[in-house]
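First the structure, in the form of structure tokens, and then the observations on it.
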Protein chains: 2
Amino acid sequence: MNKLLEVFRNSSLDDYAKLINESIVKREILVLIGKCSVDYTGRGESRLTDGDRVLIIKSDGSVQIHRPEGYKPVNWQPQTSVIEARVVDNKLVLTAIRDKPREILNVVFNEIYLLIRGRLTDNGEFVMYLNESDIRDLIYVNPWLIEDGLHIIGKEKDLGVGAVDLIGVDNKGKAVLIEVKRITASREAALQLYKYVEKYAKLTGAQPRGILVAPSFTTQALDTLKRLNLEYRELDLKKLWLLKKRNMGGKCGLDQLL
Amino acid sequence: MNKLLEVFRNSSLDDYAKLINESIVKREILVLIGKCSVDYTGRGESRLTDGDRVLIIKSDGSVQIHRPEGYKPVNWQPQTSVIEARVVDNKLVLTAIRDKPREILNVVFNEIYLLIRGRLTDNGEFVMYLNESDIRDLIYVNPWLIEDGLHIIGKEKDLGVGAVDLIGVDNKGKAVLIEVKRITASREAALQLYKYVEKYAKLTGAQPRGILVAPSFTTQALDTLKRLNLEYRELDLKKLWLLKKRNMGGKCGLDQLL
DNA sequence: TATTATATCTCGGGT
DNA sequence: ACCCGAGGTATAATA
């Protein structure tokens, strides 16, 4: 199994360059650890002076350069059309070019500590639960979560200024527009809902109710909602979660750890 | 120099667990390549079945799990309060826990191909050019970029509904609010500007001009601007860039490569 | 292709 | 600690 991965250290620069270029052609994964500086130009422009970093090239040509700290890479390239390694002035230079937008990443290695390359096989299935569309779907099926007597009649309805998450009719026959957020709703969310309410009123001539649904709200959001005559419902994610799990047979998580 | 990094393969599970826990205590960087499955729960919840991945733990306790493709990690933890490796049922289990928000990442390794650990030293300086604040500052100093006779009198002025990028006075003495975008301005950007214009009018009793400044505009943005009686200026980033470079002595880039 | 909205967004700066 | 807005955001969905 370990033939999967090759490890190199103390190789010559020319050998490193060759190893890298081979890996890219073979669409292997490549991890390069060493001291380097990085220049980037494209949508913006950045310079990073010498330091120890971990560089990863994946089989799709994406590149990321990680410093010893921080979740995010300091420099990167989501996908590239060209990646090339070569030796210039006794240094290993790696260039990754991307089109649309045209961007160039240039890495100069002053030292290479380690190179790992190999083919990884990953056919794993990834499932994400309880994203916004999950919540929307749950409310769609269980409108009582918002209020009794509510009938949902539409999902992701485009009003010409973007799509409102849910449209329904309350027990008095009045239209209800619902905007769903899975995290704390900010003022922006309230404004987004207002935009739909305004547009709907203009399109139909009838004033709808607007309800912002979220697990919590910033004070500014609440102010704005009040000012714009909009409603809100606090949503208990845990409750939704249980509802979802019940539908799935109760086996979708390790939340007992929480 | 290579004593910086240690490489292990074919070690026992217990040894791997020990190596990992040691690294975490010593705040080293750790790269683990192997076949694993991943469970995450916290703000959301996800499951990832078996496959080959690259796991990185950095000195700040951030964790990321990379599949062979894609720029982004499939699972991650920006920072963690606790990371622990242990052997359970003849498998290496790595748990990373984060508080606020409470989130748990659980990785079960069925095979470990390679473990690399070591201390990296990175004192490099990172500089980013031409982000939004750069553009704002350039306009601040060179208001003629927007129009002749404009005087900028404020930057990042908080109006109580967020801060407007720039405030100025035109050659007729009328207030001008400027919102800057470094990428194509969308309808949202127009609405953002409108929000400031409305608020300013309410605060002062005088109707200001509103100008959206961006390298380009979506058609919806232009529609919205027209409807809301707002203005816009197309901004040539390259021109700004040259302006900036001239100020810096002409040496801040490799854009000649573009 | 262009545009929009989401994201386990992350991250920094402000109050 | 909350809140807001930028991001080289990336990414998926949609027209």
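We name chains A, B, ... by the order of the sequence lines, and we start the count at 1 in each one. Predicted model, so just to flag it, every value in this text is computed and none were measured.
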Note to self: Measure NZ/A:K181 against P/C:dT8 and give the value in whole Å, please.
What the structure shows: 14 Å
Item checked: Lys/Arg-Asp/Glu bridge criterion (N-O < 4.0 Å) met for B:K202, B:E198 -> no
Item checked: Carboxylate-amine/guanidinium proximity below 4.0 Å for A:R47 and B:E125 -> no
Note to self: What is the separation between atom CD on A:E132 and atom P on D:dA13, rounded to the nearest whole Å?
What the structure shows: 14 Å
Notebook entry, point to check: Is B:K100 near enough to D:dA1 that one of its side-chain N or O atoms lies under 4.0 angstrom from OP1 or OP2?
Noted result: yes
Next item on the list: Could you tell me whether A:E156 contacts a base, only the sugar-phosphate backbone, or nothing, with contacts defined as non-hydrogen atoms closer than 4.0 Å?
Entry: nothing
Check: If we only count heavy atoms from C-beta on, is the B:L191 to B:L228 side-chain gap below 4.5 Å?
Finding: yes
Check: Got a donor-acceptor pair under 3.5 Å from the side chain of A:Y71 to the base of C:dT10?
Finding: no
Check: Under 4.0 Å between a side-chain N/O of B:T218 and OP1 or OP2 of C:dT4, yes or no?
Finding: yes
Checklist line | 5′-ward residue of the pair A:G70/B:A185 relative to DNA chain C | finding: B:A185
Next item on the list: Could you check whether A:Y196 gets within reach of a base, just the sugar-phosphate, or nothing at all, counting any heavy atom under 4.0 Å?
Entry: sugar-phosphate
Check: Side chain of B:D158, base of C:dT15: donor and acceptor closer than 3.5 Å?
Finding: no
Checklist line | Pair A:K35 + A:D50, salt bridge at N-O below 4.0 Å | finding: no
Next item on the list: Nearest whole angstrom, please: distance from the C1' of C:dT3 to the CG of B:L191.
Entry: 15 Å
Item checked: Note: B:K58-A:E69 ion pair, threshold 4.0 Å (strictly below) -> no
Margin query: Both A:A221 and A:G44 contact DNA chain D. Which one's nearest nucleotide lies toward the 5' end?
Written below: A:A221
Notebook entry, point to check: Under 4.0 Å: is that the gap between some side-chain N or O of A:R182 and OP1 or OP2 of C:dC9?
Noted result: yes
Checklist line | Whole-Å C1' distance, C:dT10 and C:dT6 | finding: 14 Å
Check: For D:dC4, does OP1 or OP2 lie under 4.0 Å from any side-chain N or O of B:K195?
Finding: no
Check: Would you say the base of D:dG5 and the side-chain of A:E188 have a donor-acceptor pair closer than 3.5 Å?
Finding: no
Checklist line | Nearest-angstrom distance from the residue atom NZ of A:K58 to C1' of D:dA10 | finding: 13 Å
Next item on the list: Indicate, with a heavy-atom threshold strictly under 4.0 Å, whether A:Q79 touches base, sugar-phosphate, or nothing.
Entry: nothing
Item checked: Nearest-nucleotide 5' precedence on DNA chain C, A:V180 against B:P78 -> A:V180
Item checked: Any B:W76 side-chain nitrogen or oxygen under 4.0 Å from OP1 or OP2 of C:dT10 -> yes
Item checked: Ion pair check, B:D223 and B:K226, cut-off under 4.0 Å -> no
Check: So what does B:I183 touch, heavy atoms closer than 4.0 Å: a base, only the sugar-phosphate, or nothing?
Finding: sugar-phosphate
Checklist line | Pairwise 5' ranking along DNA chain D for A:S186 and A:Q77, keeping only the more 5' one | finding: A:S186
Notebook entry, point to check: Taking NZ from B:K155 and P from D:dA6, how many angstroms apart are they, rounded to a whole number?
Noted result: 16 Å
Next item on the list: Would you tell me if any nitrogen or oxygen in the side chain of B:K72 comes within less than 4.0 Å of OP1 or OP2 on C:dA7?
Entry: no
Checklist line | Whole-Å gap separating P (D:dT9) and CE (B:M128) | finding: 8 Å
Note to self: Taking 4.0 Å as the cut-off, does a side-chain nitrogen or oxygen of A:R43 come that near to OP1 or OP2 on D:dG7?
What the structure shows: no
Check: Rounded to whole angstrom units, what separation is found between the CZ atom of B:R187 and the P atom of D:dA15?
Finding: 14 Å
Note to self: Using the side-chain heavy atoms of A:R98, tell me which of these nucleotides is nearest: D:dG8, D:dG7, C:dT4.
What the structure shows: D:dG8
Item checked: Salt bridge B:E188-A:K195, side-chain N to carboxylate O under 4.0 Å -> yes
Next item on the list: Look at all strands and tell whether B:T219 reaches a base, only sugar-phosphate, or nothing, counting heavy atoms closer than 4.0 Å.
Entry: sugar-phosphate
Check: When you check the phosphate oxygens OP1 and OP2 of C:dT15, does a side-chain N or O of A:Q220 lie under 4.0 Å from one of them?
Finding: no
Next item on the list: Determine whether any donor atom in the side chain of B:N131 lies under 3.5 Å from an acceptor atom in the base of D:dG7, or the reverse, and answer yes or no.
Entry: no
Notebook entry, point to check: Base, sugar-phosphate, or nothing: which does B:R136 touch, judged by heavy atoms less than 4.0 Å apart?
Noted result: nothing
Item checked: B:F217 CZ to C:dT4 P, straight-line distance once rounded to whole Å -> 13 Å
